[in-house]
Amino acid sequence: IDLLQFQVGEIEGAAIMSEVEETDLGREEDLLADATRYRETLWAVAEFLGGDNGAGDSVGRASRAVAPFEALVVDEEGNPLPVNTEGRLYFRDLTGRGIIYEGDPQKTADAHIAPGVFTLGEIGKIDDDGFVYITDRFSDMVVSGGVNIYPAESEQALQRHPAVADVACIGVPDNEMGEKLIAVVQLQPGSTGGAELAAELDAFCKDALAGYKRPREFRFTDALPRNAMGKVQKNLLRDHNERADCRTTATKPAPWDSPH
């Protein structure tokens, strides 16, 4: 493939890794657009970026809202947050229509905090120039000891380790903290999970993450469960790992249920 012939590209479904965005490919003007879309409906409210989104403080930047939409970030009570503060990402439809899920009025109502002000379920922030950074999803947030933890940052850190092919960080019940963050690691071929690798990954995270963002436990698998689109099914991971963490009698473990 002759990369010099490319004029525009896009990354969909997850945030582009910073290592890619910081390369010459990522910096090439109008070559790499990080749409960072979790749902196709975001096409309606976000524009592609190119040129100036690939270096320095702009790494991870996704898009700006376009008319008739405005982007805003709020806390859990719906109060607006200052710029560069991570929170729940909403869009204000200046026409007042908002988003409608046909045939599902409850889902439509749950997506709105005011008429025309709706969310697609993302966590993010907005910088001084109005650019949106999408960092995670509401449903993936872990609340541990009263602190909100967004797993995407922990996952991105762990993906840099040579033994990790992929990873999903989830919350499981914890008697002391309410929830604890664990990492379910898909191993690279030839790598072996176990206490030694778990200790190595924990040390690796100490250099890359704040203490509260470090997984408290590592579990290993040859393959993460995925849907037909290739998306990791965190709901299945949570279900199996919650039962594994709380069980009092022996049960048949899930293929990825290998705690260390």
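Just the heavy atoms: all of them, side chains too, but no hydrogens, waters or symmetry mates, feed the values below. Here the structure is a predicted model, which means the values were calculated and not measured.
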Path from V142 to L209 over hydrophobic side-chain contacts below 4.5 Å: no

Test item: R216 side-chain N/O and R214 main-chain N/O as donor-acceptor pair under 3.5 Å: yes

Same apolar cluster: V132 and I123, side chain cutoff 4.5 Å: no

R226 atom CZ: more than 12 heavy-atom contacts under 6.0 Å: yes

Salt bridge (charged side-chain N to carboxylate O under 4.0 Å, His left out) evaluation trace for D207 with R160: CA-CA 12 Å; D207 294 331; R160 297 185 178 97; over 6 Å; no

Option among L237, V184, L158, I182 that satisfies the side-chain contact (heavy atoms from CB on, under 4.5 Å) test with C169: L158

Between E86 and T135: side-chain donor-acceptor atoms closer than 3.5 Å: yes

Close side-chain approach of I113 to E77, heavy-atom, < 4.5 Å: no

Side chain D93, main chain G98, donor-acceptor under 3.5 Å: yes

Over all atoms of both residues, closest heavy-atom pair of P151 and M141: CD-CA, 4.3 Å

Check: C205 and P215 side chains under 4.5 Å, non-hydrogen atoms: yes

Greater than 12 external heavy atoms within 6.0 Å of N79's CG: yes

From CA spacing to verdict: side chain to side chain contact (heavy atoms under 4.5 Å, CB included), Q106, D104: CA-CA 6 Å; Q106 186 59 53; D104 197 336; 4.0 Å; yes

Flag side-chain contact, heavy atom, 4.5 Å: P80 against L72: no

Check ion pair K234-D239 (N to O, under 4.0 angstrom): no

Minimum-distance pair of heavy atoms, taken over all atoms of A111 and Y101: CB-CE1, 4.1 Å

Distance, nearest 0.5 Å, that separates CD of E122 from CZ of F91: 7.5 Å

Point-to-point distance, once rounded to the nearest 0.5 Å, from OH of Y90 to CG of L120: 10.5 Å

Verdict with supporting geometry, D174 and V172, side chain to side chain contact (heavy atoms under 4.5 Å, CB included): CA-CA 6 Å; D174 181 76; V172 298; over 6 Å; no

Min side-chain heavy-atom separation I126-F131 under 4.5 Å: no

Stepwise side chain to side chain contact (heavy atoms under 4.5 Å, CB included) check, F218 with V164: CA-CA 12 Å; F218 296 89; V164 176; over 6 Å; no

Member of Q186, Q188, Q159 meeting the side chain to side chain donor-acceptor pair (under 3.5 Å) criterion with D166: Q159

Verdict with reasoning, Y212 to I149, per side chain to side chain contact (heavy atoms under 4.5 Å, CB included): CA-CA 8 Å; Y212 72 95; I149 304 173; 3.9 Å; yes

Parallel, tilted or perpendicular: rings of F118 and H112 (30°, 60°): tilted

Pi-cation contact, F138 with R88 (under 6.0 Å, within 45°): yes

E179 versus S144, closest heavy-atom pair with distance: O-OG, 2.7 Å

Close side-chain approach of L197 to T192, heavy-atom, < 4.5 Å: no

Contact summary for T108 and I99, nearest pair of heavy atoms: CG2-O, 3.3 Å

Linked, directly or transitively: V143 and V74 (ILVMFWY side chains, under 4.5 Å): yes

Closest heavy-atom pair and its distance - A183, V167: CB-CG2, 4.0 Å

Closest non-hydrogen atom pair, G124 against V73: O-CG1, 3.7 Å

Side-chain donor-acceptor contact under 3.5 Å, D127 with Y133: yes

Main-chain N/O of L89 paired to T119 side chain as donor or acceptor, under 3.5 Å: yes

